Amino acid sequence: MLLDTPIESLPATSSVTIHRFKALGINTYFDLLNYFPFRYEDYSLITPIARIQEGEVMTVKGMIVQSKNEITKRGFRLQKITIQDESARLTLTWINQPYLVHVLKEGISIYVAGEVVRFAGKISIQPNEWELAKEETIHTNRIVPVYSEIRGLSSKTIREKVFHVISHLKNTAEPHDQMPGEVVKFNNIASLHEAYIGVHFPKSKALLAESRSRLSFDELLGLHLYSQMTRREWQLKKATHRLLLDKNKELLITKFIKELPFELTEDQKTSISEIKQDLIKTHPMNRFLQGDVGSGKTVVAAIAAYISFLCGFQTLIMAPTEILAMQHYETILKLFKSLPLKIAIQTGSKKSMKGKNDSFDIIIGTQALLTSSLAFQRVGLVVIDEQHRFGVAQRSLLKEKGKEPHLLTMTATPIPRTLALTLYGDLDLSTITQMPLGRLPIKTFLVPLVKRAAAYAWIEKKVNEEHIQVFIICPLIEESESETLQTVKAAKKEYEHLKNIVFKGLNVSLLHGKLKPKEKELIMKEFSVGKTDILVSTSVVEVGIDIPNATIMIIEGAERFGLAQLHQLRGRIGRGKLQSYCYLFSEIQDEGKLKRLHFFTGTNNGVKLAEYDLGQRGAGNIFGTKQHGYLKLKIASLSDMELMRQAKNAALYILEKYPHLYSISSMQKQIEEVKIANN
């Protein structure tokens, strides 16, 4: 089979180049075909030399009429190649590439593509690509694929090697299409064979779009097949513990909810009802609870943990950071202060337990919960917060602590519902959209440089008169050599400036990720009890900080954050009854980035912001991390909701009508790639 051919079989390819291909994970011709271009240059239109226009990217064809080397006064060797067509002559210039004069000889016809520039007072082309004129070109006179490069392996080299494979692929039926014919026809997608040819060397933009659509469809199909298979496997499992509620336990839950110092929203009540229904089933619960920052997910998780306690079982709650774990610990201690639940904390710096731990009812922690020395005998419920920050392997380890426990995963990251149903197709979804009663919407403003001093003065007055507290968020801890303070306010330097110059009469502290856990804890404790007026911090406070008295936030270098991350940061304020204010500080003039920030100031709805970010910048900016396995897509875009819908419907159809297909050939490969990406 052609596509099983080892990469070492590429003709005229050095061992060094082979090694570099392998460093990219390219071991066979099939791997090379799946190294997709990240963009394309359209060099297909040939322009007469007399009609080229400065500032445009164009392609010309001409015969070489002169080829010579020149040496400048500074010692640079220039290669000047003059070509002509029926309309005019054009002199092209290269620097320090003397071999070109021996290759580009008079009488030879060539294509040249690049930007039209003015050089030494004359119009010319700065050659991006050149190529001898022949029947089928690779680098010019067509839509040209551009590949991500690594040092020593250029896009041009990759293009030539892919062209070699494609040239042979045209005479085969590879790769064999495993997709059922009716699925191909119903979704009006190209054949797999045509798609691989068209994605690398398309004959037209229309064929390129069709090819990318087919390969994206396959990738999303693999994602959905994996999700649906995982869902079905989960539903076949037997829950270790069914959490059945009798009348007395129901009364205790009702009493607990009634005595809360706040009233639950309808969304919270609905989520609790859905969780209760899951907990009595014979297979373990696998529910995903999505709620905006400050919407009250923790109390929903606490009530689920209370149900587990009433039924005689333990609950494990895992958070990605010590700050968030401590926040959950303190919140749950307050919620259950009048009840006999025993609550423990287990993080890198705080350890309540060793060995067997049957005496605790709720154990909250970080990855420290996964240590092999901790054993739990009666786990009924596992709660994972901000689950996309953990890998599948970590989540599996935690579930194993309770054999087959009920699982509740949560996130404060707003995700458009369609995207959530795709990413978490193996989970049941609950959503909290309403904010707790009495919360005032946060007022958000984009502050230009000229108004910064006035903003500082107003903030100082508010702190002195109303004794409120302030967050000031900076995107980096220290100055980067490659970025100046005109674009980035380094947290340490900004802290010194604010403490010693701007807010001399106030108590200013600094928090960042490089501090030791005990230092972070002390700083947060002093801020939470009101000893600190202003906390200068990096985005380490993105989740897990709940200070009702903090009503003002400044975000420096706001353009550097995705809208979803800005929303997470803003969610640290507005948690009390007072009006809160978020100020975006930015010194940029870029209209596109300013448009994003203005959009952010106009809405407090996290899902709307996520939808905007998804459309503008891609899914990576919703999660703020590339760690999330489902984001490791080679060609598909999670922004293409229609294609995702088609792929999901196709997955459900295939699993119903062709249950064996997912285990063979290309579909199995798609599923395996999703599994690998999620570990």
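All figures in this text were calculated on a predicted structure; none of them were measured in a lab. Heads up: numbering here begins at 1 and tracks the sequence.
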Self-check item: Chi angles and distances behind the side chain to side chain contact (heavy atoms under 4.5 Å, CB included) call for Asp590, Lys595
Solution: CA-CA 9 Å; Asp590 184 282; Lys595 183 180 177 183; over 6 Å; no
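- A donor-acceptor contact shorter than 3.5 Å is absent between the side chain of Asn187 and the backbone of Val184.
- Judged by distance alone, the side chains of Thr17 and Ser14 do bring a donor and an acceptor atom under 3.5 Å apart.
- Glu56 has no carboxylate O lying under 4.0 Å from a charged side-chain N of Arg51, or vice versa, which leaves the two without a salt bridge.
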Exercise. Walk me through it: do Leu78 and Asn69 pass the test side chain to side chain contact (heavy atoms under 4.5 Å, CB included)?
Key: CA-CA 6 Å; Leu78 303 182; Asn69 278 311; over 6 Å; no
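- Proximity of Met641 to Gln646: side-chain heavy atoms (C-beta onward) are nowhere separated by under 4.5 Å.
- At least one donor-acceptor pair under 3.5 Å links the side chain of Glu131 to the backbone N or O of Ile138.
- In this structure, Glu106 does not pair ionically with Lys68, as no charged nitrogen and carboxylate oxygen lie closer than 4.0 Å.
- For the residue pair Lys161/Thr13, the side-chain donor-acceptor check at 3.5 Å is satisfied.
- Atoms CG and CD1, from Leu153 and Ile150 in turn, are 5.0 Å apart once rounded to the nearest 0.5 Å.
- Aromatic ring orientation, Tyr29 versus His164: perpendicular (interplanar angle above 60°, classes split at 30° and 60°).
- Under a 3.5 Å cut-off, the side chain of Tyr612 and the backbone N or O of Val607 do not form any donor-acceptor pair.
- Atom CD1 in Ile46 sits 11.5 Å away from atom CE in Met58 (nearest 0.5 Å).
- Looking only at distances, a side-chain donor or acceptor of Glu174 sits under 3.5 Å from a matching main-chain atom of Leu2.
- Put simply, CD on Glu160 and CG on Leu10 are 11.0 Å apart, with the number rounded to the nearest 0.5 Å.
- In this structure, Phe600 and His567 have perpendicular ring planes: the angle between them is above 60°, well past the 30° mark.
- The main-chain N or O of Phe30 is found under 3.5 Å from a side-chain atom of Asn34 such that the two form a donor-acceptor pair.
- For Tyr147 and Phe38, the ring centers sit 6.0 Å or farther from each other.
- Electrostatic pairing of Glu41 and Arg39 counts as a salt bridge here, judged by a charged N lying under 4.0 Å from a carboxylate O.
- For Lys156 and Trp130, the positive end sits near the middle of the six-membered ring, less than 6.0 Å away and at most 45° from its axis.
- In this structure, the side chain of Glu556 does not engage the main chain of Ser586 through any donor-acceptor pair within 3.5 Å.
- Asp640 and Arg212 are not joined by a salt bridge, as no carboxylate oxygen comes within less than 4.0 angstrom of a charged side-chain nitrogen.
- Under a cut-off of 6.0 angstrom, the local environment of CD in Glu642 is crowded, with over 12 non-hydrogen atoms contributed by other residues, nucleotides or ligands.
- When side chains are defined from C-beta on, Leu220 counts as touching Leu643, because their heavy atoms get closer than 4.5 Å.
- Ser167 places a side-chain N or O within donor-acceptor distance of the main-chain N or O of Phe163, the cut-off being under 3.5 Å.
- At least one donor-acceptor pair closer than 3.5 Å links the side chain of Ser124 to the backbone N or O of Thr91.
- Contact annotation: the side chain of Leu92 approaches that of Leu90 to within less than 4.5 Å [non-hydrogen atoms, C-beta and beyond].
- With no hydrogens or angles considered, a side-chain donor-acceptor pair links Ser87 and Asp85 at under 3.5 Å.
- Between Arg159 and Glu129 a salt bridge is recorded (basic side-chain N to carboxylate O distance below 4.0 Å).
- Arg142 places no side-chain N or O within 3.5 Å of a backbone atom of Ser44 that could act as its donor or acceptor partner.
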Practice problem: Carefully, step by step, assess Ser216 and Ser213 under the rule side-chain hydrogen bond (donor to acceptor under 3.5 Å, both in side chains). | Solution: CA-CA 5 Å; Ser216 297; Ser213 181; over 6 Å; no
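- Under the 3.5 Å distance criterion, with hydrogens and angles disregarded, no donor-acceptor pair is assigned to the side chains of His200 and Tyr40.
- Side-chain atoms of Asp218 and Met179, non-hydrogen and from C-beta on, do get closer than 4.5 Å to each other.
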Quiz item: Can you check side chain to side chain contact (heavy atoms under 4.5 Å, CB included) on Asn604 and Leu609, steps first, answer last?
Solution: CA-CA 8 Å; Asn604 282 291; Leu609 291 169; over 6 Å; no
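- Using a 4.5 Å heavy-atom threshold, the side chains of His139 and Tyr43 count as separate.
- For the atom pair Lys493 NZ and Cys474 SG, the distance stands at 12.5 Å (nearest 0.5 Å).
- Residue Glu136 qualifies as enclosed at atom CD: its count of foreign heavy atoms under 6.0 Å is above 12.
- If you take NZ on Lys205 and CD on Glu210, they are separated by 15.0 Å, rounding to the nearest 0.5 Å.
- Minimum heavy-atom separation, Leu584 to Ala558: CB-CB, 3.9 Å.
- A 6.0 Å sphere centred on NZ of Lys185 holds no more than 12 heavy atoms belonging to other residues, nucleotides or ligands.
- One N or O on the side chain of Ser67 and one on the backbone of Leu104 form a donor-acceptor pair closer than 3.5 Å.
- Using a 4.5 Å cut-off on side-chain heavy atoms (C-beta onward), His193 and Ile197 make contact.
- Ile554 CD1 to Tyr583 OH: the interatomic distance, rounded to the nearest 0.5 Å, is 8.5 Å.
- Residue Asn96 qualifies as enclosed at atom CG: its count of foreign heavy atoms under 6.0 Å is above 12.
- Crowding of Lys134 atom NZ: a count of heavy atoms from other residues, nucleotides or ligands under 6.0 Å exceeding 12.
- When each of Asn141, Thr140, Thr59, Thr137 is paired with Tyr111, the side chain to side chain donor-acceptor pair (under 3.5 Å) condition holds for Asn141 and for no other.
- Taking 4.5 Å as the limit, every side-chain heavy atom of Arg89 sits out of range of all side-chain heavy atoms of Ile83.
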Quiz item: Checking side chain to side chain contact (heavy atoms under 4.5 Å, CB included) for the pair Met553/Leu569: CA distance, chi angles, key distance, verdict?
Solution: CA-CA 9 Å; Met553 175 174 283; Leu569 291 167; 4.0 Å; yes
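- By the 6.0 Å contact criterion, OH on Tyr99 is enclosed, its count of non-hydrogen atoms from other residues, nucleotides or ligands being greater than 12.
- Checked for salt-bridge contact, Glu54 and Arg118 meet the test: a charged N lies under 4.0 Å from a carboxylate O.
- The number of heavy-atom neighbours closer than 6.0 Å to CD1 of Ile95, taken from other residues, nucleotides and ligands shown, is 12 or below.
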